[in-house]
K.L.:
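Take this structure first; my questions come after.
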Amino acid sequence: MKIDDEMYNEIFEENDLENKYSEKLKVKLNNNPLSNCLYDWTSSIIVAIVAVVILLTFCFRLIDVDGTSMENTLINTDKVIVSELFYTPDNGDVVVISHGELYDKPLVKRVIATQGQTLSIDFDKNEIYVDGKLLDEPYIQGDTVKGNAEIPEVIPDGKVFVLGDNRPVSLDSRYTEVGLIDEESIIGKAQFVIIPHSYPEGELIPRFDITKIRYIYE
């Protein structure tokens, strides 16, 4: 089919109009940098929130410290981040336990010995030996007093022996209420103090202390 000059001009005039309209539309869509910036920020915040929710659901957990049994390492009402993905208990780790032998509340304690290790506690000298080696425990507060539970010479398979750092007041594996802990009862390892507290001089109620945000070292 032959296109005459008049039809040829009409076609290209229409294309020119469409191109001009498209250019104007692009300019109109991009002429508000504030809206574009707000959209970018909103999208980033939503993505960040979703990522945090996924991490807290499957990899980490936020736990409140209840009581004084881990002082001075952890203070009552501290909030700590606990890692629970593929975790295996190890000596010296501060862990969160779902419950003890007869104690239903969650516990925060330190792993002293794991399955297969030998354990000996000299209560008179306040000394603990694991696999024949004396533990260096600069984190403890007070003496390691004797409880009412029998302490095995070798930790059975699937069990761990735990103590609190504040030894005189801690309810832990020295007592029948807690006893040896099943590895399956350990939620995870306390990694980071995200909302720390301290006791101001002369006060009995702990207060938020931003200077104590820290990683938990063994």
Side-chain angles (χ1 to χ4, degrees), residues 56-76 78 80-193 215-218:
L56 290 178
T57 301
F58 298 103
C59 301
F60 301 96
R61 192 178 297 193
L62 193 62
I63 298 291
D64 291 331
V65 176
D66 182 15
T68 60
S69 70
M70 283 301 292
E71 292 184 356
N72 287 318
T73 304
L74 296 173
I75 305 298
N76 181 40
D78 276 353
V80 298
I81 294 177
V82 177
S83 61
E84 52 185 336
L85 191 65
F86 307 123
Y87 173 69
T88 301
D90 196 10
N91 299 63
D93 288 353
V94 176
V95 296
V96 177
I97 304 158
S98 61
H99 62 278
E101 185 71 25
L102 303 172
Y103 195 75
D104 293 332
K105 293 178 66 176
L107 301 164
V108 181
K109 304 295 176 183
R110 189 181 295 274
V111 175
I112 300 300
T114 61
Q115 62 178 11
Q117 291 187 310
T118 62
L119 176 64
S120 175
I121 302 179
D122 188 329
F123 293 103
D124 294 329
K125 295 182 179 180
N126 194 36
E127 295 178 344
I128 299 178
Y129 294 84
V130 175
D131 289 338
K133 296 180 179 179
L134 175 64
L135 295 186
D136 180 22
E137 299 185 288
Y139 43 75
I140 68 170
Q141 182 170 280
D143 293 335
T144 305
V145 298
K146 187 175 178 58
N148 61 0
E150 182 178 349
I151 298 175
E153 292 183 5
V154 179
I155 306 301
D157 289 346
K159 301 284 188 178
V160 297
F161 184 90
V162 299
L163 294 175
D165 288 355
N166 191 2
R167 297 289 163 80
V169 303
S170 176
L171 185 66
D172 46 43
S173 291
R174 294 171 293 173
Y175 299 90
T176 54
E177 293 90 337
V178 174
L180 295 175
I181 301 296
D182 289 325
E183 287 189 5
E184 294 179 353
S185 298
I186 296 178
I187 296 172
K189 179 182 178 180
Q191 297 274 20
F192 197 83
V193 184
Y215 177 75
I216 300 172
Y217 293 93
E218 286 79 5

K.L.:
With a 4.5 Å cut-off on side-chain heavy atoms, are Ile63 and Pro106 touching?
P.N.:
no
K.L.:
Using the test side chain to side chain contact (heavy atoms under 4.5 Å, CB included), find all partners of Gln141 that sit at least two apart in sequence or belong to another chain.
P.N.:
Glu71, Asn72, Asn166
K.L.:
Which heavy atom of Leu180 sits nearest a heavy atom of Pro152, and at what distance?
P.N.:
CD1-CG, 3.9 Å
K.L.:
Provide the full list of salt bridge (charged side-chain N to carboxylate O under 4.0 Å, His left out) pairs with a residue in residues 140-164, sequence neighbours left out, each pair given once.
P.N.:
Lys159-Asp182
K.L.:
Does a sphere of radius 6.0 Å around CG in Asn148 hold more than 12 heavy atoms from other residues, nucleotides or ligands, not counting ones at 6.0 Å or beyond?
P.N.:
yes
K.L.:
Can you tell if the side chain of Ile97 reaches within under 4.5 Å of the side chain of Ile187, non-hydrogen atoms only?
P.N.:
no
K.L.:
Using the side chain to side chain contact (heavy atoms under 4.5 Å, CB included) criterion, which residues pair with Val65? Sequence neighbours excluded.
P.N.:
Leu74, Asp78, Val80
K.L.:
Output all residues satisfying side chain to side chain contact (heavy atoms under 4.5 Å, CB included) with Asp66, sequence neighbours left out; order by chain, then residue number.
P.N.:
Asn76, Lys105
K.L.:
Verify, without hydrogens or angle tests, whether Ser173 (side chain) and Gly179 (backbone) share a donor-acceptor contact under 3.5 angstrom.
P.N.:
yes
K.L.:
Quick one, Val111 and Asp90 - any side-chain contact, counting heavy atoms below 4.5 Å?
P.N.:
no
K.L.:
Starting at CD1 of Ile81, measure out to CG of Leu62 and round the result to the nearest 0.5 Å.
P.N.:
6.5 Å
K.L.:
Distance check, rounded to the nearest 0.5 Å: Ser170 atom OG versus Tyr175 atom OH?
P.N.:
8.0 Å
K.L.:
Going by side chain to side chain contact (heavy atoms under 4.5 Å, CB included), name the residues that satisfy it together with Ile151, two or more places apart in sequence or in a different chain.
P.N.:
Leu119, Ile121, Phe123, Phe161
K.L.:
Once side-chain hydrogen bond (donor to acceptor under 3.5 Å, both in side chains) is applied, do any residues pair with Ser69, and if so which ones, sequence neighbours excluded?
P.N.:
Lys109
K.L.:
Is there side-chain contact between Ile155 and Val160, with heavy atoms separated by less than 4.5 Å?
P.N.:
no
K.L.:
In Å and rounded to the nearest 0.5 Å, what is the CG to CD1 distance from Leu163 to Ile112?
P.N.:
4.5 Å
K.L.:
Which heavy atom in Tyr87 sits nearest to a heavy atom in Lys189, and how many Å separate them?
P.N.:
CE1-CB, 3.5 Å
K.L.:
With sequence neighbours excluded, tell me which residues meet side-chain hydrogen bond (donor to acceptor under 3.5 Å, both in side chains) with Tyr103.
P.N.:
none
K.L.:
Where do Gly164 and Met70 come nearest, in terms of heavy atoms and distance?
P.N.:
CA-SD, 3.8 Å
K.L.:
Got a second to check how far Leu107's CG is from Ile186's CD1, nearest 0.5 Å?
P.N.:
11.0 Å
K.L.:
Answer whether the closest heavy-atom distance between the side chains of Val94 and Arg110 falls below 4.5 Å.
P.N.:
yes
K.L.:
Listing request: all salt bridge (charged side-chain N to carboxylate O under 4.0 Å, His left out) pairs with a residue in residues 117-140, at least two apart in sequence or in separate chains.
P.N.:
Glu137-Arg167
K.L.:
Could you tell me which residues satisfy side-chain hydrogen bond (donor to acceptor under 3.5 Å, both in side chains) with Ser120, sequence neighbours excluded, listed by chain and number?
P.N.:
none
K.L.:
Show me the pairs that pass salt bridge (charged side-chain N to carboxylate O under 4.0 Å, His left out) and involve residues 168-180, at least two apart or across chains.
P.N.:
Asp172-Arg174
K.L.:
Can you sort out the partners of Ser185 under side-chain hydrogen bond (donor to acceptor under 3.5 Å, both in side chains), two or more places apart, ordered by chain and number?
P.N.:
none
